[in-house]
Structures are given as structure tokens and as C-alpha cells.
Amino acid sequence: METGSIPVRSLPGGFDLQATLESGQSYTWLREDGGMYDEVARGGDAWYATVLPTSVTGGRPAVVRARQRDGRIEWASNVDAHAHLVRLLRLDDDLDAIMARTPDDPLLTTAYDAYRGMRLVRDPPFASLVSFICSAQMRVSRIHGMQTRLAREFGDPVEFDGRTYYAFPRPEQLARATEERLRELRLGYRAPYVARTAEMVASGEARPEDAADLGYEDAREYLTRFVGVGEKVADCVLLFSLGFLEAVPLDTWIRTAIAEYYPECDRGGYAETSRAIRERFGGEYAGYAQTYVFFYLRTGGAV
DNA sequence: TATCCAAGGTAAGTT
DNA sequence: AACTTACCTTGGATA
């Protein structure tokens, strides 16, 4: 077991682990006290755990546990997790600079103040792709449940500190899943989408990470070749996995925000409205603004 | 207790 | 290209 810690004050703009992991960006972490999304007071200091896939570690899957307490991010792992955490939780983003480069409007300011320190995540691409295929017409807490079941059913088990953790399935593992089994895991009509997309990735027909080499709108178009991936899901993968911080997924909450606060940005079609709200949110870091607004509204912020 | 509704949308079929 | 409609499931609201 290796351990370490990272002082929060060393991170420009601070950090909020709970907000970062429970804001509906990533579905690859488990809170070890069992709770997540569905309760309790904020400001907890619970441990969270994830398993890095072999595509990231290059070797065996690595378990990473982290918690935030006493002004530090504490971690424990079977590898040196520091660089992994910086990457997964975007600890190298300068939040102060990013907020300074998004507009100074009342909704954004309120959302920023509510979850100061929340960062975007950088999830492994295949897990992110599957997670957001599953997200269609689904509550955040249930998306998380689906991903947890997929890992336990099809992922590699990894022993760490007396417990068994499960990596998110590799494409070839998930490609072996039958639609029927996926429906039993309560994916509903998303089951064939996940099965077909996993086959596409496993066969080498296309890989989500290949979109990273393209320009933003071409990258979004590229991802829609996967079954179950439309423009909104594509934007989520671009933002939460592939580092396109300008991506603004147009989900129900953001559409509500547009109607209430930025009606002039509603241009009818997805691409045009997306472009308008992206500009309204300052362009290059518009996705940060989107994520704060989404989480703020979803957790009861005034509309 | 029964019924209804909506949830971080997408694919397929019509105009 | 723009506009409908069907689609699994289920927690929470309403009757």
C-alpha cells in the first residue's frame, strides 16, 4: 500500500472532492460509506474509490482511494497515485483563471459560489462513453447504479486492502455481454446501444479517444457514430473525458437555464443553440460554466 | 394501494 | 433537414 496527500491550498481555486465526484460527471467512483447522490449533508470526508483501467496503467488495474479532510486530499493505492489523481480530477486546472475567463453574470456567480472548488473530471474514454449512453432519460443516481453493476458483472476484480474492487469493463469484456443480460442489469432500452457500441470499440471499428485529435465540432460528429450517442451524449464525453472544455452539453437542466436566463441563445437546433450558449459562457471554458449551472440547478438552485 | 409522471436522449419513421 | 413517436425502468408524486 502506498499513501500520500496533496494540500488543497496548492491548487489554484481550491478543490471540492464531493462536488467533483457527485455532480454527475463521472460514474466510475464509489463512495465507500455506501451513499452517493441521494442524501446527506455536504462537506463529508468519506473515502471514494475507483479502479484505473489497464489502458491507463499499462499493467494491472490500479485501485485509487481518495478523501478530502483537513485541507488535504489523502490517497491510498497499490501504485503511486499522485499523477493519476492530478489527471483524473484535473488538479492542474487553474480554477481562478478559468472563472475569470467566463462571464460575470448572476447565475454563474451563484453557481460558482455554491460549489467553489468543484472541478471537471477526466474519465477514461470508454467508461465515459458507456456511462453517458446509459444516461438517456435516467436519473443520476440510477446511472451510477448501472455502471456499478456493469463493473461487478463484467469487470476485472482487484484485491486491495482486504476488499475486492472492480474495474470498469474493457470493451472486449462488455462486447461479450448479451442484450438480455444487460436488460437484466436494468439498462432498459439502452442495453442494445451499449452492446453494439462495445462491439464497435472491441472490433477496432472506432474508438472514442480518436475523437480527441479532431476539432471540437468534428469530434462531436465523430462520436455520434456510436450507437446510442447523439449530440448531447457526445458533448458529455468530449467534456468529461476528452478535455474539450468548450463543450456545453444541452441537457434538460441547461435547456431550462437557457429558457429562463439566456432566451436569446435558443436558436432551435442543437448545434446552433450550443454554439450560442458556448459563446455566452465565454467560449474556451464554457463547459466549466455548464457543469456548475447543471449541478447547482439539479441540487435545488432557484430557477 | 393504484396510477401517473418524468428522468443529464436517441433512433427510426414521416413530412 | 425538421418534426413525431416509441422506448425500459422506477422512485416519488398524486389520487
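Letters go in sequence order (proteins before strands), and every chain restarts at 1. What's counted below: heavy atoms across the whole structure, side chains too, no hydrogens, waters or symmetry copies.
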Using only modelled atom types and a 3.5 angstrom limit, is any donor from either the side chain of Tyr193(A) or the base of dG9(B) paired with an acceptor on the other?
no
Regarding Glu74(A) and Arg72(A), does a basic nitrogen lie under 4.0 Å from an acidic carboxylate oxygen?
no
Rounded to whole angstrom units, what separation is found between the OH atom of Tyr189(A) and the P atom of dC7(C)?
11 Å
May I ask you to check whether Tyr115(A) and Thr299(A) show a side-chain donor-acceptor distance below 3.5 Å?
yes
Under 3.5 Å for both donor-acceptor distances, Watson-Crick or wobble: does dG8(B) have a partner, and if so which one?
none
Gln147(A) CD - dG8(B) P separation (whole Å):
14 Å
Answer with yes or no whether Tyr270(A) presents, from its side chain, a donor or acceptor under 3.5 Å of a partner atom in the base of dG9(B).
no
Indicate, yes or no, whether a donor-acceptor pair under 3.5 Å links the base of dC7(C) to the side chain of Arg190(A).
no
Can you see whether Asp105(A) engages Tyr261(A) through a side-chain donor-acceptor pair at a distance of less than 3.5 angstrom?
no
Just how far, in rounded Å, is P of dT10(B) from CG of Leu187(A)?
16 Å
Cation-pi check, Arg220(A) onto Tyr222(A) ring (under 6.0 Å, within 45° of axis):
no
For Trp47(A), does the six-membered ring have the charged nitrogen or CZ of Arg65(A) within the cation-pi criterion, i.e. under 6.0 angstrom from the centroid and within 45° of the normal?
yes
Arg101(A), CZ: over 12 other non-hydrogen atoms inside 6.0 angstrom
no
Separation of Asp251(A) atom CG from dT10(B) atom C1', in whole Å?
15 Å
Would you mind telling me which residue lines up with the more 5' stretch of DNA chain C, Ala136(A) or Arg139(A), judged by nearest nucleotide?
Ala136(A)
Reckon Gln290(A) touches a base, only the sugar-phosphate, or nothing at all at heavy-atom distances under 4.0 Å?
base
Quick one: Glu272(A) CD to dA1(C) C1', roughly how many Å, whole number?
11 Å
Nucleotide nearest Arg186(A) (side chain, heavy atoms from C-beta), chosen from dT9(C), dG8(B), dT10(B):
dT9(C)
Counting the atoms with a prime plus P, OP1 and OP2 as sugar-phosphate, which does Ser23(A) contact under 4.0 Å by heavy atoms, base, sugar-phosphate, or nothing?
base
Which part of the nucleic acid, if any, lies within reach of Gln25(A) when heavy atoms closer than 4.0 Å are counted: base, sugar-phosphate only, or nothing?
base
CD of Gln137(A) versus P of dC5(B): gap in Å, rounded?
15 Å
Gap in Å between the two C1' atoms, one belonging to dT10(C) and one to dA11(B), rounded:
23 Å
Taking atom C1' in both dG8(B) and dC3(C), what distance in whole Å separates the two?
23 Å
Whole-Å distance between dC8(C) P and Arg142(A) CZ?
14 Å
Only pairs with both distances under 3.5 Å count, Watson-Crick or wobble alike; so what is the partner of dC8(C) in this structure?
none
Ion pair Glu32(A)/Arg67(A), N-O distance below 4.0 Å:
no
For the side chain of Ile143(A), counting heavy atoms from C-beta on, which of dG9(B), dT10(C), dG8(B) is nearest?
dG8(B)
Indicate whether Phe132(A) forms a stack on dG8(B); treat it as stacked only if centroid distance is below 5.5 angstrom and interplanar angle below 30 degrees.
no
Hey, can you pull the residues of residues 223-230 of chain A with a non-hydrogen atom under 4.0 angstrom from DNA chain B?
Phe226(A), Val227(A), Gly228(A), Val229(A), Gly230(A)
So, Gln290(A) versus Asp251(A): side-chain donor-acceptor pair below 3.5 Å or not?
yes
